[in-house]
Amino acid sequence: MSTTENEPAANFIRHIILDDIANGKNGGKVQTRFPPEPNGYLHVGHAKSICLNFGIAKEFNGSCNLRFDDTNPEKESDEYAKSIEQDIKWLGFEWHKEIHHASDYFEQLYGYAVELIEAGLAFVDELNAEQMREYRGTLTEPGKNSPYRDRAIAENLDLFTRMRAGEFPDSKYVLRAKIDMSSPNINMRDPIIYRIKRAHHIRTGDKWCIYPMYDFTHCISDALEGITHSLCTLEFEDHRPLYDWVLDNISLECHPQQIEFSRLALAYTITSKRKLTTLVSEKFVDGWDDPRMSTLSGMRRRGYPAASLRHFCTAVGISKKNHVTDMGLLEQYVRDELNVIAPRGMAVLRPLKVVIENYPEDKIEQLEAPIHPQNEAMGTRKVPFSREIYIDQEDFMEEANNKFKRLVLDKEVRLRNAYVIHCHQVIKDEQGNMTELRCTYDNQTLGKNPEGRKVKGVIHWVSASESVAAEVRVYDRLFNTPNPAAAEDFRTCINPNSLSLISSARVEPSLAEAKPEQCFQFEREGYFVADRYQHSPEKPVFNMTVGLRDTWNS
RNA sequence: UGGGGCGUCGGCAAGCGGCAAGCCACUUGGUUUUGAUCCAAGCAUUCGCAGGUUCGAAUCCUGCCGCCCCAGCCA
């Protein structure tokens with residue numbers, strides 16, 4: 001794959017910025033920001049935005065601020081804020097200097113609201129929510145002016161001061177911009193810019209009982225930080241006139257340019273904080289970092305390298321098209337990265353005992369195997385070989401056609417990194433289940449092919465006595481429909497078999513020694529990661545990251 | 001039926017008047033002690049549709065068709 005982080009893909013936002021720089025706009029400076037609300041964990045969709053904002057800033061020698069858009073205290077928490085900081089760092093980005101918060105600007109925001117009132121461009125309304133909805137009109141009919149719209153400026157000032165002072169109950173009054181109730185753009189029909197809400201804020205505590213709305217806050221925060229390009233998703237396109245209106249009507253010189261791009265949509269997953277919250281709160285998954293989640297912390301725990309997410313984000317590109325990206329694209333970048341960095345090892349997920357009759361009972365050989373067959377520099381590891389071993393149940397058949405390149409009764413197969421064995425007997429229990437294979441090995445086949453015959457198959461194995469019991473979690477997609485977000489109730493699309501717990505897997509000793517979060521390739525199976533929290537050398541726990549590309553089963 | 005957007009290969013996505021980039025997927029060969037990796041080759045006479053302008057149109061114009069977003073005191 002030739003797409004790398006060093007070769008930014010062409011997209012319309014880059015073109016705009018390139019033009020701006022060529023025209024000397026903003027003195028050639030580029031300043032972006034990533035503005036999450038701390039009301040949930042970051043997901044793949046955010047990764048796209050992070051890569052865009054931080055990537056653009058870096059490319060043009062600018063910087064990117066991290067700013068928490070914390071204007072709705074009821075939904076926000078410090079846990080979320082902390083997780084967001086961690087996830088951004090994990091993804092490999094550094095924000096410019098200290099973290100910003102919309103709440104840092106509450107005092108200034110209040111001042112600009114007063115400016116608007118003084119200019120006759122904002123008024124205190126006392127319609128209740130339901131009345132306001134009626135006055136707003138519909139998509140096809142204009143709205144009506146609020147009866148309180150023409151309040152005197154002095155009265156508006158007085159009321160707004162008292163709103164701040166806490167003289168009124170929640171929701172009694174709101175501050176509204178005075179724009180145009182007949183605008184075809186509903187966002188311009190005298191939008192609310194402040195509401196009374198007695199909620200404890202994670203940063204300002206109980207200092208405020210009025211909080212500014214997004215549309216008023218975001219543009220001013222951008223301007224205060226000297227943002228040049230304010231990149232956001234498509235649903236804010238209709239808000240751009242309001243973004244511009246606010247900045248055009250207050251005494252702030254800086255006027256950032258808002259540019260919208262389409263959200264990332266990944267097939268078979270969900271990228272909505274609200275829905276992800278539901279999965280967690282209703283226990284469909286085991287927390288925000290469940291490896292099946294499309295959260296950054298979930299993908300981290302799943303074993304996705306941060307670099308693969310960055311490559312993926314570069315590869316999907318930026319456009320204004322509503323799209324659905326194949327999960328396969330992400331997985332391919334994950335494999336790509338892991339193929340290069342992951343040490344190899346052997347693990348048997350569904351053990352079938354094999355007794356090698358012509359191998360001495362007490363003998364244990366420490367065979368040497370490469371840690372990475374394409375990268376000698378990674379060195380070698382010891383793999384113990386003994387008379388009793390395990391192979392995977394799926395690697396044996398009593399009868400099979402020539403396409404089956406594994407072990408068959410009365411035939412031979414190569415044991416990876418070891419000898420060629422021949423199976424001559426299958427032992428079964430009363431129910432007819434295979435319990436053991438009796439084989440012989442050819443001691444002339446270590447590191448070389450047998451003479452006079454071809455052995456086409458290679459299977460993996462572990463020593464029965466020297467391997468370590470491990471728990472392996474194999475994942476399938478969390479949803480069984482490509483677009484769960486489109487369902488009436490996305491919970492009905494949840495795949496009941498998204499997690500398979502394998503409690504009796506066996507891994508070679510080198511794998512048991514893994515450090516938490518260390519990634520491996522279990523040869524012929526896929527990529528696996530030692531669980532970040534539950535893995536220990538005594539009780540190894542691995543999560544499947546992604547399977548190897550498999551042309552046999554597909 | 002108001003307003004704002006968007007339609008280029010199976011999935012992403014460049015291109016912005018002069019022979020349709022790239023990635024993923026897929027197909028076919030080769031290497032291989034991983035049915036992996038790797039290597040080589042193939043994969044849109046056509047850009048939602050229909051007209052028009054032009055020597056020349058995915059790119060410009062006109063008209064249709066389809067899809068997405070907006071009526072929170074959420075962001």
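Chain A is the first sequence line, chain B the second, and so forth, proteins listed ahead of strands; every chain is numbered from 1.
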| query | Which part of the nucleic acid does G143(A) contact within heavy-atom distance under 4.0 Å: base, sugar-phosphate only, or nothing? | reply | nothing
| For rG5(B), is chi within 90° of 0 (syn) or not (anti)? | anti
| Closer than 4.0 Å, any side-chain N/O of H323(A) to the OP1 or OP2 of rA13(B)? | yes
| message | With rounding to the closest Å, how many angstrom separate the C1' atoms on rC16(B) and rC60(B)? | response | 10 Å
| query | Checking all strands, does A267(A) fall into the base, sugar-phosphate, or nothing category for heavy-atom contacts under 4.0 angstrom? | reply | nothing
| request: Take atom C1' in rC55(B) and the same atom in rA50(B), then report the distance between them in whole Å. | output: 23 Å
| Heavy atoms under 4.0 Å, any strand shown: does L330(A) hit a base, just sugar-phosphate, or nothing? | nothing
| If you check the Y333(A) side chain, which of rC23(B), rC24(B), rA75(B) turns out closest? | rC23(B)
| task | Test for a donor-acceptor pair under 3.5 Å between the base of rU34(B) and the side chain of R344(A), counting only N and O atoms. | result | yes
| Counterpart residues, side-chain contact (heavy atoms from CB on, under 4.5 Å), relative to T161(A) (two or more places apart) | Y110(A)
| query | Reckon T217(A) has a side-chain N or O less than 4.0 Å from the OP1 or OP2 of rA75(B)? | reply | no
| said: Below 30° counts as parallel, above 60° as perpendicular, anything between as tilted: where do the rings of F385(A) and W461(A) land? | reply: perpendicular
| task | Take Q374(A) and H218(A), find for each the nucleotide of RNA chain B with the closest heavy atom, and name the residue whose nucleotide sits nearer the 5' end. | result | Q374(A)
| note | Each base of RNA chain B marked ( ) or [ ] if paired in-strand (Watson-Crick or G-U under 3.5 Å), | if paired to another strand and . if unpaired gives .(((((((.[[[..)..(...]]].(((((.......))))).....[[[[[..)....]]]]])))))).....
| Taking only side-chain nitrogens and oxygens of S319(A), does any of them come within less than 4.0 Å of OP1 or OP2 of rA13(B)? | yes
| query | Which part of the nucleic acid, if any, lies within reach of E237(A) when heavy atoms closer than 4.0 Å are counted: base, sugar-phosphate only, or nothing? | reply | sugar-phosphate
| said: Can you check the distance between rU46(B) and rA21(B), where both ends of the measurement are the P atom (answer in whole Å)? | reply: 15 Å
| said: Once you apply a heavy-atom cut-off of 4.0 Å, does V174(A) come out as touching a base, just sugar-phosphate, or nothing? | reply: base
| task | Give D69(A) one of three labels, base, sugar-phosphate or nothing, depending on what nucleic acid heavy atoms sit under 4.0 Å from its own. | result | sugar-phosphate
| query | Quick one: is rG3(B) close enough that its OP1 or OP2 comes under 4.0 Å of any side-chain N or O from R189(A)? | reply | no
| Does the side chain of D222(A) come under 3.5 Å of the side chain of Y243(A) through a donor N or O and an acceptor N or O? | yes
| query | Below 3.5 Å, does any donor atom in the side chain of R524(A) face an acceptor in the base of rU34(B), or the other way round? | reply | no
| note | Testing rA75(B), rG35(B), rU34(B) for proximity to the side chain of R406(A), the answer is rG35(B)
| field | Nucleotide nearest M213(A) (side chain, heavy atoms from C-beta), chosen from rC70(B), rC73(B), rC69(B) | value | rC73(B)
| Intermediate values then yes/no, side chain to side chain contact (heavy atoms under 4.5 Å, CB included), L338(A) and S308(A) | CA-CA 8 Å; L338(A) 255 14; S308(A) 65; over 6 Å; no
| At under 4.0 Å between heavy atoms, what does Y211(A) touch on the DNA or RNA strands: base, sugar-phosphate, or nothing? | nothing
| task | Mind checking ring-ring contact (aromatic ring centres under 6.0 Å, His included) for F542(A) and listing every partner two or more places apart, or none if nothing turns up? | result | F522(A), H535(A)
| P373(A) near the nucleic acid: base, sugar-phosphate alone, or nothing, with a heavy-atom cut-off under 4.0 Å? | base
| said: Using the ring centroid of each side chain, check whether F160(A) and Y173(A) are separated by less than 6.0 Å. | reply: no
| When you compare rG17(B) with rA41(B), how far apart are their C1' atoms, in angstrom units rounded to a whole number? | 34 Å
| task | Tell me, please, which residues at least two apart from N156(A) pass side chain to side chain donor-acceptor pair (under 3.5 Å). | result | none
| task | Kindly say whether the aromatic ring centers of H46(A) and Y41(A) come within a distance under 6.0 Å. | result | no
| said: At less than 4.0 Å, is any side-chain N or O atom of S183(A) found next to OP1 or OP2 of rG3(B)? Yes or no. | reply: no
| said: Measuring centre to centre across the rings, with the benzene-like ring taken for any Trp, is Y214(A) within less than 6.0 Å of F236(A)? | reply: yes
| query | Under the 5.5 Å and 30° test, is W552(A) stacked on the base of rG35(B)? | reply | yes
| query | Quick one: which of rG2(B), rA75(B), rU34(B) gets closest to the side chain of L139(A)? | reply | rG2(B)
| Do R263(A) and H323(A) get their side chains close enough for a donor-acceptor pair, meaning under 3.5 Å? | no
| said: Side chain of T138(A) only, heavy atoms from C-beta on: which candidate in rA71(B), rU34(B), rA75(B) is closest? | reply: rA71(B)
| Given rU1(B), rC70(B), rC12(B), the nucleotide with the shortest approach to the side chain of T140(A) | rU1(B)
| field | Gap separating the CG atom of L224(A) from the SG atom of C219(A), nearest 0.5 angstrom | value | 9.5 Å
| request: Using a heavy-atom cut-off of under 4.0 Å over every strand shown, decide if N72(A) touches base, sugar-phosphate, or nothing. | output: sugar-phosphate
| said: The side chain of R195(A) is closest to which nucleotide in this list: rU37(B), rU33(B), rA75(B)? | reply: rA75(B)
| Under-4.0 Å side-chain N/O to phosphate OP1/OP2 contact, R549(A) with rU37(B) | yes
| task | Using only side-chain N and O atoms of K320(A), determine if any of them is under 4.0 Å from OP1 or OP2 of rC69(B). | result | no
| field | 5'-most by nearest nucleotide on RNA chain B - Q521(A) or D215(A) | value | Q521(A)
| message | Hydrogens and angles aside, do N128(A) and E130(A) bring a side-chain donor and acceptor to less than 3.5 Å of each other? | response | no
| message | Check this for me: does any side-chain nitrogen of one of K144(A) and E134(A) sit under 4.0 Å from a carboxylate oxygen of the other? | response | no
| Listed in order of residue number, which residues of residues 448-460 of chain A have a non-hydrogen atom at under 4.0 Å from RNA chain B? | K448(A), V458(A)
Could you list the protein-to-nucleotides 15-18 of chain B atom pairs, N/O on both sides, closer than 3.5 Å?
unit_1: rG15(B); atom_1: OP1; unit_2: H15(A); atom_2: NE2; d: 2.2

| query | Counting only distance, no hydrogens or angles, is the base of rG35(B) paired donor-acceptor with the side chain of D550(A) under 3.5 Å? | reply | no
| message | Of the listed nucleotides (rG5(B), rA13(B), rG2(B)), which one gets closest to any side-chain atom of N322(A)? | response | rG5(B)
| message | When the P atoms of rC61(B) and rU54(B) are compared, how many Å lie between them, rounded to an integer? | response | 16 Å
| said: If I pick the C1' atom on rC39(B) and the same atom on rG18(B), what distance separates them, to the nearest angstrom? | reply: 36 Å
| message | rG72(B), OP1 or OP2 - any side-chain N/O from R136(A) closer than 4.0 Å? | response | yes
| said: Within the 4.0 Å heavy-atom criterion, would you say T325(A) contacts the bases, only the backbone, or no part of the nucleic acid? | reply: sugar-phosphate
| query | According to the interplanar angle, ranging from 0 to 90°, do the rings of Y80(A) and W288(A) count as parallel (below 30°), tilted (30 to 60°) or perpendicular (above 60°)? | reply | perpendicular
| query | Is the NZ or CZ atom of R176(A) positioned over F123(A)'s six-membered ring, under 6.0 angstrom from the centre and within 45° of the axis? | reply | no
| query | Between rU34(B), rG11(B), rC24(B), which nucleotide gets closest to the side-chain atoms of D326(A)? | reply | rG11(B)
| request: Tell me whether the centres of the aromatic rings in Y359(A) and Y441(A) are closer together than 6.0 Å. | output: yes
| request: Tell me which nucleotide among rG5(B), rC74(B), rC69(B) gets nearest to the side chain of L234(A). | output: rG5(B)
